[in-house]
Visitor: 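I am attaching a structure below and will ask some questions about it afterwards.
Quick caveat, the model's predicted, so the values are computed rather than measured. Just the heavy atoms: all of them, side chains too, but no hydrogens, waters or symmetry mates, feed the values below.
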Amino acid sequence: MQKLLPGILAMAAVVVASNILVQHLFGQWLTWGAFTYPFAFLVTDLTNRIYGAAAARKVILAGFVTGALCSFIGTQIMGEFGPLVTWRIAMGSGIAFLAAQLLDVAVFNRLRQGNWWRAPLVSTLIGASVDTALFFTIAFAGALAFLEAGNDVSWANEALPLLGHGPMAPLWVSLAVADWGVKLLLALVALVPFRLIVGKLVAKVA
């Protein structure tokens, strides 16, 4: 377990930072948390590549527990419009994180024997897409209002041009598309530290 401590601490740091930064807007469609959260996939992929799938799942579990604690704390803190984290957001965050990260591990394992970049890139793209779809749908879609009847999400379902310029769509769809775009971009950027860190750690393990 000691060898996994750096990965566990890194995952916890990403999750905590993202839960804090998600409270701060970046432009009209994003929060600062959108730029930190995708690095959870980098932590998972590095652990998977160096120590294997079982180790990666332990790091994911640590991240899930950290996220659950952050969400619970957020539900107890009142902001200008109510709790900083609603139960729907907490539910969406937990389900999306666990499903996406475990899917990332599964896809990575299927591709781990190929070119060095294929497993981390494809697994992150698929996992990140599932993460975005699950979180924003569970947290904001009007059709799922029954999940938390007392939580008014009408603001997120207001019909607006997609990202301000496209066809009409609920606001939460624009938020999801913007978030997804950042995840895809950072999946490419993360290949650089992945390559550098794996090279150094593999040499040490060997």
Visitor: Checking R195 against W116: charged group under 6.0 Å from the ring centre and within 45 degrees of the axis?
Guide: yes
Visitor: With the threshold set at 4.0 Å, does a side-chain nitrogen-carboxylate oxygen contact exist between K183 and D179?
Guide: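 A salt bridge is present here (some side-chain N lies under 4.0 Å from a carboxylate O).
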Visitor: For F41 and Y37, take the angle between the two ring planes, folded into 0 to 90°, and tell me which bin it lands in: parallel under 30, tilted 30 to 60, perpendicular over 60.
Guide: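 Correct class here is perpendicular.
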Visitor: Do M11 and K58 have side-chain heavy atoms sitting under 4.5 Å apart?
Guide: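 Side chain of M11 against side chain of K58, heavy atoms only: no contact under 4.5 Å found.
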Visitor: Could you pull out the closest heavy-atom pair between A139 and V153, with the gap in Å?
Guide: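 Distance-wise, the nearest heavy atoms are O-CG1, 4.0 Å.
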Visitor: Between R49 (side chain) and R112 (backbone), is there a donor-acceptor pair under 3.5 Å?
Guide: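 The answer is yes, because a donor-acceptor pair under 3.5 Å joins these two groups.
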Visitor: Can V14 be reached from V198 by stepping across I, L, V, M, F, W or Y side chains whose heavy atoms are under 4.5 Å apart?
Guide: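 Same cluster.
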Visitor: Hey, quick one: are L163 and F136 part of the same hydrophobic cluster, counting side-chain heavy atoms closer than 4.5 Å, chains of contacts allowed?
Guide: yes
Visitor: If you look at every heavy atom in G142 and N157, which pair is closest and at what distance?
Guide: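 Looking at all heavy atoms of both residues, the shortest contact is N-OD1, 2.9 Å.
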Visitor: Sort and list the pairs that fulfil ring-ring contact (aromatic ring centres under 6.0 Å, His included) and have at least one residue in residues 157-194, not counting sequence neighbours.
Guide: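 Listed once each, the pairs would be none.
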Visitor: Taking all non-hydrogen atoms of both residues, which atom of L191 and which atom of P120 are closest, and how far apart?
Guide: CD2-CG, 3.9 Å
Visitor: Checking L30 now: which residues fulfil side-chain contact (heavy atoms from CB on, under 4.5 Å) with it, not counting sequence neighbours?
Guide: F26, A34, F35, A178, V182
Visitor: Do the side chains of M168 and P161 get nearer than 4.5 Å, heavy atoms only?
Guide: yes
Visitor: With a 4.5 Å cut-off on side-chain heavy-atom distances among I, L, V, M, F, W and Y, is there a chain of contacts connecting I77 to L69?
Guide: no
Visitor: Shortest non-hydrogen contact from Q23 to V85?
Guide: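 Scanning both residues, the minimum pair turns out to be NE2-CG2, 4.3 Å.
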Visitor: Not counting sequence neighbours, which residues clear side chain to side chain donor-acceptor pair (under 3.5 Å) with T47? List them please.
Guide: none
Visitor: Using every non-hydrogen atom in the two residues, find where L42 and A190 come nearest and quote the distance to one decimal.
Guide: CD1-O, 3.8 Å
Visitor: Which distance, rounded to the nearest 0.5 Å, do you find between the CG of L121 and the CZ of F108?
Guide: 11.0 Å
Visitor: Donor-acceptor pair, distance only, cut-off 3.5 Å: does the side chain of T137 make one with the backbone of L134?
Guide: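 Flag not set: sc T137 to bb L134 has no pair under 3.5 Å.
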Visitor: So, the side chain of T75 versus the backbone of F72: is there a donor-acceptor pair under 3.5 Å, distance only?
Guide: yes
Visitor: Kindly work out whether a path of hydrophobic side-chain contacts (I/L/V/M/F/W/Y, heavy atoms less than 4.5 Å apart) joins F146 to M91.
Guide: yes
Visitor: Backbone N or O of I89 within a donor-acceptor pair of the S93 side chain at under 3.5 Å?
Guide: no
Visitor: Can you measure from CG (L171) to CG (L160) and round to the nearest 0.5 angstrom?
Guide: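 Answer for the CG-CG pair, L171 versus L160, is 5.5 Å.
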Visitor: Is there a donor in the side chain of R57 and an acceptor in the side chain of N48, or the other way round, less than 3.5 Å apart?
Guide: no
Visitor: Roughly how far apart are L46 CG and I197 CD1, rounded to 0.5 Å?
Guide: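 These two atoms lie 5.0 Å from each other.
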Visitor: Between M78 and P83, is any pair of side-chain heavy atoms under 4.5 Å apart?
Guide: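 They are in contact (side-chain heavy atoms under 4.5 Å apart), so the answer is yes.
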Visitor: Indicate yes or no for a side-chain donor-acceptor contact from R88 to the backbone of I138 under 3.5 Å, with no hydrogens or angles considered.
Guide: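 Checking the backbone N and O of I138 against the side chain of R88, a donor-acceptor pair under 3.5 Å is found.
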Visitor: Roughly how far, to the nearest 0.5 Å, is CG of N151 from OG1 of T86?
Guide: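 CG of N151 is found 4.5 Å from OG1 of T86.
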Visitor: Is there a donor-acceptor pair closer than 3.5 Å between any side-chain N or O of N115 and the backbone N or O of W117?
Guide: no
Visitor: Would you confirm whether N19, through its side chain, and V15, through its main-chain N or O, come within 3.5 Å as a donor-acceptor pair?
Guide: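 Judged by distance alone, yes, a pair lies under 3.5 Å.
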Visitor: For a side chain to side chain contact (heavy atoms under 4.5 Å, CB included) check, start with the C-alpha distance between L4 and Y51, then their side-chain angles and the critical distance, and finish with the verdict.
Guide: CA-CA 8 Å; L4 298 182; Y51 299 115; 3.9 Å; yes
Visitor: Are side-chain heavy atoms of L111 and S123 found at a separation under 4.5 Å?
Guide: no
Visitor: Assess the residue pair T44 and D104 against the criterion (side chain to side chain donor-acceptor pair (under 3.5 Å)); give the C-alpha distance rounded to whole Å, side-chain angles, the decisive distance to 0.1 Å, and a yes or no.
Guide: CA-CA 8 Å; T44 296; D104 179 281; 5.3 Å; no
Visitor: Please report the interatomic distance CZ(F97) to CG(D131), rounded to the nearest 0.5 Å.
Guide: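 One gets 8.5 Å once the value is rounded to the nearest 0.5 Å.
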Visitor: Given side chains that start at C-beta, do those of L186 and F39 come closer than 4.5 Å, heavy atoms only?
Guide: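 Yes, side chains in contact.
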Visitor: Which distance, rounded to the nearest 0.5 Å, do you find between the CD of E148 and the CG of L144?
Guide: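 Reported to 0.5 Å precision, the distance equals 12.0 Å.
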Visitor: Can you name the closest pair of heavy atoms from C70 and V16 and give their distance?
Guide: SG-CG2, 3.9 Å
Visitor: Please check if W32 and L184 belong to a single hydrophobic cluster, counting links between Ile, Leu, Val, Met, Phe, Trp and Tyr side chain heavy atoms closer than 4.5 Å.
Guide: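 Yes, one cluster joins them.
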